[in-house]
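This chain uses plain numbering: 1 for the first residue, then up along the sequence.
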Amino acid sequence: MPSETSFWIVSVPVQEEKSTEQMYKDLESQLLRDSACEAEDIAPLPMPELKTGTLESLIVMAEDLPKLETLYSAITTRVVDTLRALVNDDEQALDEHLTLDGQTVEDYLMSWQWNSGKYRTDKSLNEIVEMLTKEMQSIDHVMKQKLAAYNAAKGQLQQLERKKHGNLTVCSLADIVHKDDIVDPNSEFLVTLLVVVPKNNTQDWLNKYERLTSLVVPRSSSQLAQDDEYVLYNVTVFKKVEDEFIQKARENKFQVRDFEWDEGLLERERQELYEAGVSEKELWTELLRLSRINFAESYQALIHFRVIRTFIESVLRFGLPATYFAAIVEPTPRKAKTLLNSLVSHYKYLHEFIAQSEKRPTDNAASAHQDTPGEFVNMLEQEVFPFVLTEQPMITV
């Protein structure tokens, strides 16, 4: 059963007595008559005149198609995930960015045309697929570079904001500690330490700090700040016991913060935070713009690849001449099974066509190329319906 969260691309040989327009009208009438879908959920998908090449080359390509499909889909998904992260999972905002030439994905697919200016049909299938692969790999490479740059800037901003707004164990002390709170930094013998004490241990600190080591200046500790969890104290000791005092403080669950008095530190930190915010915003804007462009580019490349895959599988299934009618259908969960049954019923006549192709003689390479024997049908990695069916994933917002 094909997925209900994908668009279905259906391909069959063009009937001799009918035009592709008539075949579409017949299919639409059948599906609407069976209540399998709404009129806006089906549209013709014009198949370009692609070069078939040799049967052997098509078989080799068919073997590589699933791997390439996985690669293309993964790259497109990563672009969508980047957009989703940039808009903080805002579904409405994401929906506004997932457009192709100003159209929604659905509108684009329902009016799809092969981009012959970009993907020339006078080139071989291998050349077109190689071009698509290079394009997708280039998109992936650029996106990874831009995303890494943005994440680095975002990480730096978060780190600075943590220093600004975090609790007393991590935040900057530049705007908390004043010059009068410490002894002269140039003192030969004394040093002021800044100690973060859990709120529950404040009395313990006041009772112990003078006796943690020798050479602690009596009554030199005072409260400088507090938050929801911690209290910041200063304490003055002789430099010769500084390391010992820090060790003893740690043993009693008191954290001594590294701090050196610097008159211009506060202003530099403010400037650094401002510049980090500006840089993060600029990179966010650039990554958002690039992601919008690359979503459109990658999704268009993906649908062109699907059409090529549909074409190759049609040739391997139905043979030459390579004239096929294709349509795209958007299933709904409650009607997907009905839709599939209606399609099978409408194209049931092709069961006899496939059976006849399996009986055709294949005495030499020329006849094999012309008849495309049914044994190659088994190479197609999909359920066997009387038509070729490939799936283009919907974008889940």
Check residues 149-159 and write down every donor-acceptor pair under 3.5 Å in which the side-chain atom is one partner and the other belongs to a residue at least two apart or another chain.
residue, atom, partner, partner atom, Å
Y150, OH, E280, OE2, 3.0
N151, ND2, L147, O, 3.3

Would you tabulate the side-chain donor-acceptor contacts of residues 296-307 under 3.5 Å, counting partners in other chains and residues two or more places apart, or write 'none'?
residue, atom, partner, partner atom, Å
E297, OE1, K118, NZ, 2.5
S298, OG, N294, O, 2.8
S298, OG, F295, O, 3.1
Y299, OH, P393, O, 3.0
Q300, NE2, A296, O, 3.3
H304, ND1, Q300, O, 2.7
H304, NE2, N115, N, 3.0
R306, NE, E391, O, 2.9
R306, NE, Q392, OE1, 2.8
R306, NH1, E69, OE1, 2.9
R306, NH1, E69, OE2, 2.8
R306, NH2, S73, OG, 3.3

Going by atom type alone, with no hydrogens or angles, which donor-acceptor pairs under 3.5 Å involve a side-chain atom of residues 191-200 and a protein atom two or more places apart or on another chain?
residue, atom, partner, partner atom, Å
T192, OG1, V183, N, 2.9
T192, OG1, T236, OG1, 3.1
K199, NZ, D227, O, 2.9

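Residues T133 and Y72 bring a donor and an acceptor atom of their side chains to less than 3.5 Å of each other. Side-chain atoms of S220 and N234 form no donor-acceptor pair, as typed in the model, at a separation below 3.5 Å. Side chains of Q247 and R250: a donor-acceptor N/O pair is present below 3.5 angstrom, by distance only. Of the N and O atoms on the side chains of S11 and T310, not one donor lies less than 3.5 Å from an acceptor on the other residue. Between the side chains of T169 and N167, a donor-acceptor pair is found at a separation under 3.5 Å.
Distance alone, capped at 3.5 Å, is enough to place a donor-acceptor pair between the D181 side chain and the H178 backbone. Checked by atom type and distance alone, the side chain of W114 never pairs as donor or acceptor with a backbone atom of P46 at under 3.5 Å. In this structure, Q22 contributes its side chain and S19 its backbone to no donor-acceptor pair below 3.5 Å. The closest donor-acceptor contact from the side chain of D262 to the backbone of G264 lies under 3.5 Å. Of the possible polar contacts, none joining the S342 side chain to the T338 backbone as a donor-acceptor pair under 3.5 Å is found. Judged by distance alone, the side chain of E210 and the main-chain N or O of R219 form a donor-acceptor pair under 3.5 Å. With hydrogens and angles ignored, the 3.5 Å screen pairs no side-chain donor or acceptor of W112 with any backbone N or O of A43.
Residues in residues 237-247 take part in no salt bridge (Lys or Arg N to Asp or Glu O under 4.0 Å) pair, two or more places apart or across chains. For the side chain to side chain donor-acceptor pair (under 3.5 Å) condition, no pair includes a residue of residues 182-191, sequence neighbours left out. Legend: side chain to side chain donor-acceptor pair (under 3.5 Å) pairs involving residues 252-261, not counting sequence neighbours, sorted by first then second residue: K208-N252. For residues 16-29, the set of pairs meeting the salt bridge (Lys or Arg N to Asp or Glu O under 4.0 Å) definition, not counting sequence neighbours, comprises K18-D26. Among residue pairs with one or both ends in residues 335-344, those qualifying as salt bridge (Lys or Arg N to Asp or Glu O under 4.0 Å) are E38-K335; sequence neighbours excluded.
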_Apply side chain to side chain contact (heavy atoms under 4.5 Å, CB included) to residues F385 and L350 and explain how you reach the verdict._
CA-CA 9 Å; F385 304 113; L350 288 172; over 6 Å; no

*Check against side-chain hydrogen bond (donor to acceptor under 3.5 Å, both in side chains), Q271 and E267*: CA-CA 6 Å; Q271 183 64 25; E267 183 57 36; over 6 Å; no

*Could you walk me through whether E229 and L168 pass the side chain to side chain contact (heavy atoms under 4.5 Å, CB included) check?*
CA-CA 8 Å; E229 302 174 79; L168 287 169; over 6 Å; no

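Under the salt bridge (charged side-chain N to carboxylate O under 4.0 Å, His left out) criterion, D140 pairs with R78, K144, not counting sequence neighbours. Contacts of Y209 classified as ring pair (Phe, Tyr, Trp, His ring centres under 6.0 Å), with partners at least two apart in sequence or in another chain: W205. Every residue was checked against the salt bridge (charged side-chain N to carboxylate O under 4.0 Å, His left out) condition with D107, not counting sequence neighbours, and none meets it. Not counting sequence neighbours, the partners of R120 by the salt bridge (charged side-chain N to carboxylate O under 4.0 Å, His left out) test are D122.
Minimum heavy-atom separation, V344 to F387: N-CE2, 3.7 Å.
Put simply, F318 and L343 are part of the same group of oily side chains (I, L, V, M, F, W, Y) that touch within less than 4.5 Å, one to the next. Linking Ile, Leu, Val, Met, Phe, Trp and Tyr whenever their side-chain heavy atoms come within less than 4.5 Å leaves L224 and V217 in two separate clusters. Residues L160 and V170 do not share a hydrophobic cluster, defined by chaining ILVMFWY side chains whose heavy atoms lie under 4.5 Å apart. By the criterion of side-chain heavy atoms lying less than 4.5 angstrom apart, applied directly or through intervening Ile, Leu, Val, Met, Phe, Trp or Tyr residues, I293 is not grouped with W284; the two fall into different hydrophobic clusters. The same ILVMFWY cluster, assembled from side-chain heavy atoms under 4.5 Å apart, contains both M47 and Y24.
Considering only heavy atoms from C-beta on, T20 stays 4.5 Å or farther from T323 through its side chain. Y233 places none of its side-chain heavy atoms less than 4.5 Å from the side chain of V235. In this structure, the side chains of Y324 and R317 stay at 4.5 Å or more apart for every pair of heavy atoms. Side-chain contact between F245 and L215 is absent, with no heavy atoms from C-beta onward closer than 4.5 Å. Y108 is not listed as a side-chain neighbour of T99, based on a closest heavy-atom distance of 4.5 Å or more. Using a 4.5 Å heavy-atom cutoff, the side chains of P13 and M23 are not in contact. No side-chain heavy atom of T121 sits under 4.5 Å from any side-chain heavy atom of E49. Between M131 and I128 the shortest side-chain heavy-atom distance does not fall below 4.5 Å.
Each of L68, I312, D64 was compared with V129 under the side chain to side chain contact (heavy atoms under 4.5 Å, CB included) criterion, and only L68 meets it. Here the options are L339, V329, L32, the test is side chain to side chain contact (heavy atoms under 4.5 Å, CB included), and the partner is I42; only V329 passes.
To the nearest 0.5 Å, the span separating CE on M143 from OG1 on T82 amounts to 4.0 Å. Taken to the nearest 0.5 Å, the OH atom of Y347 stands 4.5 Å off from the CZ atom of F325. For the atom pair D204 CG and F254 CZ, the distance stands at 4.5 Å (nearest 0.5 Å). If you take CG on L173 and NZ on K163, they are separated by 10.0 Å, rounding to the nearest 0.5 Å. One distance of note links OG1 of T104 with CE of M110; it measures 9.5 Å at 0.5 Å rounding. To the nearest 0.5 Å, atoms OG (S291) and NZ (K146) are separated by 11.0 Å.
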